[in-house]
Amino acid sequence: MRNKELVREALEARKQSYCPYSGFAVGAALLCGDGTVFRGCNIENAAYPATNCAERTAMFKAVSEGNTDFRAIAIVGGPKGKEPKDFCAPCGVCRQVMAEFCHPKEFQIIMAKSPEDYQVCTLGELLPKAFSPKILEVEQG
Ligand code: THU
């Protein structure tokens, strides 16, 4: 799937955003190795910290469906009801969740304003020196 199509999926996902507190609607579309796309939106809560970001919604949907082979994610965000005017970068917690499942040099993060206007970074660029599962590997006796 091309970047443009993944951005379109993220824009569709954004329509489901539940953001009555911030008024900031985010959509994400996660591409897996088998071509499956998982959509996610931000889901806020009256107890603010219980909010889930769009990226994590998409990743958790994928994992819960047995898919952890993540290749790319498109992200769009901006004030609800308006076209995104800026590129929306993933928050630190979402980057950390990506580090659990994604190859730092291969996983692509597509931050978009529209299908024609986007930037692509790798996870390694956005989260260098990550605390990843490798660090927890212990020598077996
Ligand atoms: N948000 C996301 O969904 N993804 C991000 O990476 C950044 C922030 C959401 C959380 C909250 O609902 C709103 O944007 C404002 O922070």
**OP:** Using the side-chain contact (heavy atoms from CB on, under 4.5 Å) rule, take Q108 and C121 through it: C-alpha gap first, then chi angles, then the decisive distance, then the call.
**Re:** CA-CA 6 Å; Q108 297 199 316; C121 291; over 6 Å; no
Checking [X] side chain against [Y] main chain: does a donor-acceptor pair fall under 3.5 Å?
{"X": "K105", "Y": "G124", "result": "no"}
{"X": "R39", "Y": "G27", "result": "no"}
{"X": "Q96", "Y": "F131", "result": "yes"}
{"X": "E125", "Y": "T122", "result": "yes"}

Please report the shortest heavy-atom distance between [X] and [Y], naming the atom on each side.
{"X": "P115", "Y": "L11", "answer": "CD-CD1, 3.8 Å"}
{"X": "R14", "Y": "P84", "answer": "NH1-CD, 3.7 Å"}
{"X": "C94", "Y": "R56", "answer": "SG-NE, 3.3 Å"}
{"X": "A10", "Y": "A74", "answer": "CB-O, 3.7 Å"}
{"X": "A99", "Y": "P133", "answer": "O-CD, 3.7 Å"}
{"X": "C32", "Y": "R71", "answer": "C-CG, 4.0 Å"}

Is there a path of hydrophobic side-chain contacts, each under 4.5 Å between heavy atoms of I/L/V/M/F/W/Y residues, joining [Y] to [X]?
{"X": "F87", "Y": "L6", "answer": "no"}
{"X": "I109", "Y": "V76", "answer": "no"}
{"X": "I75", "Y": "V93", "answer": "no"}
{"X": "F107", "Y": "V37", "answer": "no"}
{"X": "F70", "Y": "V26", "answer": "yes"}

request  = With side-chain contact (heavy atoms from CB on, under 4.5 Å) as the test, would you mind laying out the steps for Y18 and N45 before giving the verdict?
outcome  = CA-CA 9 Å; Y18 176 74; N45 193 283; over 6 Å; no
Separation of [Y] [atom2] from [X] [atom1] (nearest 0.5 Å):
{"X": "Q119", "Y": "I110", "atom1": "CD", "atom2": "CD1", "value": "11.5 Å"}
{"X": "S132", "Y": "M98", "atom1": "OG", "atom2": "CE", "value": "15.0 Å"}
{"X": "K85", "Y": "D117", "atom1": "NZ", "atom2": "CG", "value": "11.0 Å"}
{"X": "E9", "Y": "F38", "atom1": "CD", "atom2": "CZ", "value": "12.0 Å"}

Query raised in the report: Taking C-beta and beyond as the side chain, do P90 and L126 meet within less than 4.5 Å on heavy atoms?
Result: yes
message = Using side-chain contact (heavy atoms from CB on, under 4.5 Å), reason through I73 and E55 one step at a time and then give a plain yes or no.
response = CA-CA 8 Å; I73 192 166; E55 300 90 318; 3.9 Å; yes
Check for me whether K80 meets the cation-pi criterion with F24, that is, NZ or CZ under 6.0 Å from the six-membered ring centre and within 45 degrees of the ring axis. no
Do we see a donor-acceptor contact under 3.5 Å between the side chains of E44 and S22? yes
- [ ] State whether a side-chain donor-acceptor pair under 3.5 Å links N52 with T57.
- [x] yes
Quick check on E116: does its CD atom have over 12 non-hydrogen neighbours (other residues, nucleotides or ligands) under 6.0 Å away? yes
Partner of F101 under side chain to side chain contact (heavy atoms under 4.5 Å, CB included), picked from N67, T68, L123, D69, is T68
Flag the pair Y48 / Y21 as yes when their ring centroid distance falls below 6.0 Å, and as no otherwise.
yes
